[in-house]
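The next block holds one structure in the form of structure tokens; read it before the comments.
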Amino acid sequence: MASFAMSFPSKKEDESGLSSYYNNKTTIIQEARVFNESPISPRKCRTLLTRIVYLLYVGETFGTQEATGLFFGTTKLFQNKDSALRQAVYLAIKELATTAEDVIMVTSSIMKDMQPNSEVIYRPNAIRALCKIIDPSMAQGVERFFKAAIVDKNPSISSAALVSAYHLFPNAKDVVKRWVNEAQEAVNAKPSSSFFGSSGGGGGYLGFGGSSQPSGPQTLPSTSYIQQYHALGLLYLIRQQDRMAITKMIQQLGGGKSGAGTTLKNPMALCMLIRYAAKVMEEDPNVQRQILELLEGWLRHKSDMVNFEAARAICEMKGVSPAHLTKPIAVLQVFLTTPKPVLKFAATRTLAALALTHPASVATCNIDLETLIADPNRSVATYAITTLLKTGNEASVDRLIKQITGFMTEISDEFKVIIVEAIRSLCLKFPTKHASMLTFLSGVLRDEGGYDFKRAVVEAMFDMIKFIPESKEQALSHLCEFIEDCEFTKLSVRILHLLGVEGPKSPQPAKYIRFIYNRVVLENATVRAAAVTSLAKFGVNSAEPSLKKSITVLLNRCLDDVDDEVRDRAALYLKVFREKPLADAYVKEESVFSLAALEAKLVSYVKDPAAAEQPFDVSSVPKISRAQAAQETARPSTLDTIGAPLAKKTVDLPAAPSAEEKRSAYLQQLAEVPEFSSYGPVLNSSQNPAQLTESETEYQVSCVKHIYKEHIVFQFNISNTIPDTVLEQVSVIMQPQSEDSGLVEDFIIPLPSLSLATSPGIVYVSFTREDPDAYAIASFQCTLKYISKELDPSTGMPEEEGYEDEYQVEEVELSAGGDYIVPSYSTFGSEWDRMRTGPNATETFVLSAMESLRGTHFKFHHVCISHLTIEFTAACDSIIEVLNMEPLGGSEIPQQPTVHTLQLSGLVAGGGGKVLVRCRMTFSRGQGVTLELAVRAERQEVCDLVLAAVGG
């Protein structure tokens, strides 16, 4: 591409503000009159166009009217034949087209420049600009131009057409799919000319001194083969839904076991092919062996880029064996000694990730990695040291920590965090070395650093306190010193909370009081409030009476605090000190509300106008243990991610929705159906849809059940996977297996039409509960009914005639667990005693065969486990699954071979209140497992529901 000039201001001019004036949007719009001058000055216009494109590239925006004026002013320059000016025009047109109006009017001028017989240098620019200008409906009209350009011998023209096709694909899929043969031809491209034009008749250097005058710009041979990279990307985009076609393409272009037979000459194209191969291998394990052979062949390619990509693909392969890692690790080991910093960084980063799962395999590189600790590139040194920390042995810990200390001040916070996280995992791997590692952590805690770095150090100490009891006293002392000069409120609050939990258990709890009370005196209101709570935990949980008396004096001083939150907390805790039941409830309470469930209930309460007449029922919100709450809010364990690079970005998969996010989505869908507006609030929805078909079937159906006070709504999510068929008048016929189900069908809301593009669709079936106070349990036989019609391939519309058909799916069951009962944590002993005078029921069952409750899946909790424990384990798992209740106190894991008691807690949707279950199990070789099931609830119907669920 010919360059176009732009005069850059001097430093003096820049300092005086002339540069900002020169590239000011208003100034540029005023100077656009040069486009109307006669004759046109190519140099002036080129300079102005450069400034316009520069402003757009740095984020400046033009209004619609401004962009339209500039756009059509630019189009006047088509009268001039200057090649460099024409290229600048196309750059400006391409950038302004997204904002300006009526841009389609310039289509004919652009198409003149992209004619196949055109020998102009700006033909690729014209192709790229046309892609931005045309409407998707016009793609068919320019199809022949793009097809010719894709197979053009000029690589710049071919690449421009391929990239344009790539951008057109989302809006004109059917048209672009027809260009697959041309794209395949571009992938197999042979040496061709460069973008300086097609071949002419001249000889000599750059066409000068030849025997004849060339008819156009002269050619230079191109060796980059960049069009193969663009063509491969387009081919994958077209075929991405057809796994077999992608696999065949990989095998054809792979070049056999050695990789030497491939037609791909461009290294970037080969890297892209390797990524496609890795993705196919991940999705289809059946082709793993063939693709692994291809990847190992590419390890011997002459390009370092291809070698590394193949090595990384093998290292990141799921379930890769140590034997298969030998070759890629050898390639990465060579990169460790290369003088190129990029290769060293890539190799150390990949080895750091691999060391998480295969430390023994990576250990062969330890000698080379140790030499990189002193590498001038601190990013390389950081990854080298984190890899060594994961592959080294206990004897090398002290030496490595000493080397780390030397350069901690020279690296950024991002890499400091990686180092700290590696130390954190090492603490748990070698607990006997905790003293030296704790000394290192306390040292870096005093260094300068941002919030993320300090948080990583604090959390590493938290883990040591939790998992290495011997380190607790020393770690707490270091944290106490840290909060004396901590600038981060969040960290101070977390440390004060930890001191309140762990401090009272220490041999000398009084030594922490000074550090905590200093925060009441010196810190902001948020930290002062946290310190008051921490002091209260010492007063309630400490066994020393004198300590409680001293803390009472300190809390009395807090009653004069200027912040109302601090005063209120102090008054509350002084009150609970005097009454033990209050202290147990507000300070020692082991359970908390499930925040996700609480949020969902509050949102439902606020959105329902009728609910505002009654106070919010907090008893309907399930509770969880503090350990579960900590697990839910904890970030992903760094023990699995330390030093590892970010996940592959081949496909950006969204995170799986949580149970409450699913529930919110269901509520939104139901709110859009007017027939359900009078049903009131949804009491409960299925946590996970029940799959009624296999995943490979042509029609996929799942069911979600929504419980209302007087109704039950079944939501069927239906997908049609056949591309050339549309289903009309789709409905689901539900037939109860027994006549006394207690449910009466109201209506069915069918789906008018369902195709591959509109899948999944929803069919609703509504039933009325004959007795709203009873908990109906039933089983339904379900049949999918529809009219099947073929799609006309030319128009894409369904044919007029179709045929009625039906499709049998699995049965749908309405059961106690999941539909009426939700898990909820509680303190079993006190709650069981509290409910002893309420509704209760007891029944005995003989579980001679576990298959009566669930399948033959046994959960092994120990390697050496007796047959009796297996029986109890299976019984516990079965009961928990059937009732969908929360096991308490670790009772889901049997400890005795002949006797076991399982304790369960739950909440019943729709105001049914709390329900507790105690399962006493005994084992005898003659009868199997005998189960005594005792139920206590707030309603007798709930007791009957539990017994029916287990006995049915």
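- Between F462 and L479 the shortest side-chain heavy-atom distance falls below 4.5 Å.
- Formation of a donor-acceptor pair under 3.5 Å by the S471 side chain with backbone atoms of M464 is found in this model.
- Between L232 and M249, the closest side-chain pair of non-hydrogen atoms falls below 4.5 Å.
- You'll find the side chain of K472 reaches within 4.5 Å of the side chain of K505, heavy atoms only.
- Both tests hold for K416 against F453: distance to the six-membered ring centre under 6.0 Å, angle to the ring axis within 45°.
- In terms of modelled atom types and a separation under 3.5 Å, the side chain of Q228 and the main chain of K265 share a donor-acceptor contact.
- Distance check: K327 NZ to L292 CG gives 8.5 Å after rounding to the nearest 0.5 Å.
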**Study point:** Pair V180-R239, side chain to side chain contact (heavy atoms under 4.5 Å, CB included): steps then yes or no
**Key:** CA-CA 9 Å; V180 67; R239 296 172 174 172; 3.7 Å; yes
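- Here the closest heavy-atom approach between residue L351 and residue C365 is recorded as CD1-SG, 4.2 Å.
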Practice item. Applying side chain to side chain contact (heavy atoms under 4.5 Å, CB included), run through Y383 and I418 and close with a yes or a no. Key: CA-CA 8 Å; Y383 275 121; I418 293 175; 4.1 Å; yes
Exercise for review: Using the side chain to side chain contact (heavy atoms under 4.5 Å, CB included) rule, take V331 and R300 through it: C-alpha gap first, then chi angles, then the decisive distance, then the call.
Suggested key: CA-CA 9 Å; V331 170; R300 298 184 292 274; over 6 Å; no
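- The number of heavy atoms from other shown groups lying within 6.0 Å of NZ (K511) is above 12.
- Without hydrogens or angle criteria, K454 side chain to D447 main chain gives a donor-acceptor distance under 3.5 Å.
- Between atom CD of residue E523 and atom OG1 of residue T489 there is a gap of 7.0 Å, rounded to the nearest 0.5 Å.
- Salt bridge present: R312 and E309 bring a charged side-chain N and a carboxylate O closer than 4.0 Å.
- With values rounded to the nearest 0.5 angstrom, D463 atom CG is found 7.5 Å from E459 atom CD.
- Using a 4.5 Å heavy-atom cutoff, the side chains of H324 and E296 are in contact.
- In terms of heavy atoms, I329 sits closest to V362 at CD1-N, 4.2 Å.
- Listed here is the closest heavy atom pair of Y166 and G233: CE1-O, 3.5 Å.
- Across all non-hydrogen atoms, the minimal contact from L162 to A186 is CD1-CB, 4.1 Å.
- The NZ atom of K390 sits 14.5 Å away from the NE2 atom of H358 when rounded to the nearest 0.5 Å.
- Here the shortest heavy-atom pairing between P507 and E473 reads CD-OE2, 3.3 Å.
- Note: Y276 and Y236 have parallel aromatic rings, judged against thresholds of 30 and 60 degrees for the angle between ring planes.
- Side-chain atoms of K344 never come within 3.5 Å of backbone atoms of K340 as a donor-acceptor pair (strictly under, hydrogens ignored).
- N307 places a side-chain N or O within donor-acceptor distance of the main-chain N or O of W298, the cut-off being under 3.5 Å.
- When atom types are taken as modelled, the side chain of H230 and the backbone of Q227 share no donor-acceptor pair closer than 3.5 angstrom.
- In this structure a side-chain-to-backbone donor-acceptor pair under 3.5 Å is present from S534 to L496.
- Residues C315 and L332 form a side-chain contact, since some pair of their non-hydrogen atoms from C-beta on lies under 4.5 Å apart.
- For the atom pair L234 CG and Q184 CD, the distance stands at 11.0 Å (nearest 0.5 Å).
- For D375 (side chain) and T371 (main-chain N/O), no donor-acceptor pair under 3.5 Å exists by modelled atom type.
- Side-chain contact of D368 with Q333: a donor-acceptor pair under 3.5 Å is present, judged by distance alone.
- Distance alone, capped at 3.5 Å, places no donor-acceptor pair between the D413 side chain and the G449 backbone.
- Closest approach of I423 and M437 over heavy atoms only: O-SD, 4.0 Å.
- To the nearest 0.5 Å, atoms OH (Y512) and CZ (F515) are separated by 9.0 Å.
- A donor-acceptor pair under 3.5 Å links the side-chain atoms of T337 to the main chain of V334, judged by distance alone.
- A heavy-atom distance below 4.5 Å is found between the side chains of Y451 and K490.
- Between M281 and K318 there is no side-chain heavy-atom pair separated by less than 4.5 Å.
- A 4.5 Å side-chain heavy-atom check between P431 and F467 finds every atom pair outside the cut-off.
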Practice item. Assess whether side chain to side chain contact (heavy atoms under 4.5 Å, CB included) is satisfied between L438 and H478, documenting all intermediate values. Key: CA-CA 9 Å; L438 195 54; H478 288 312; 3.9 Å; yes
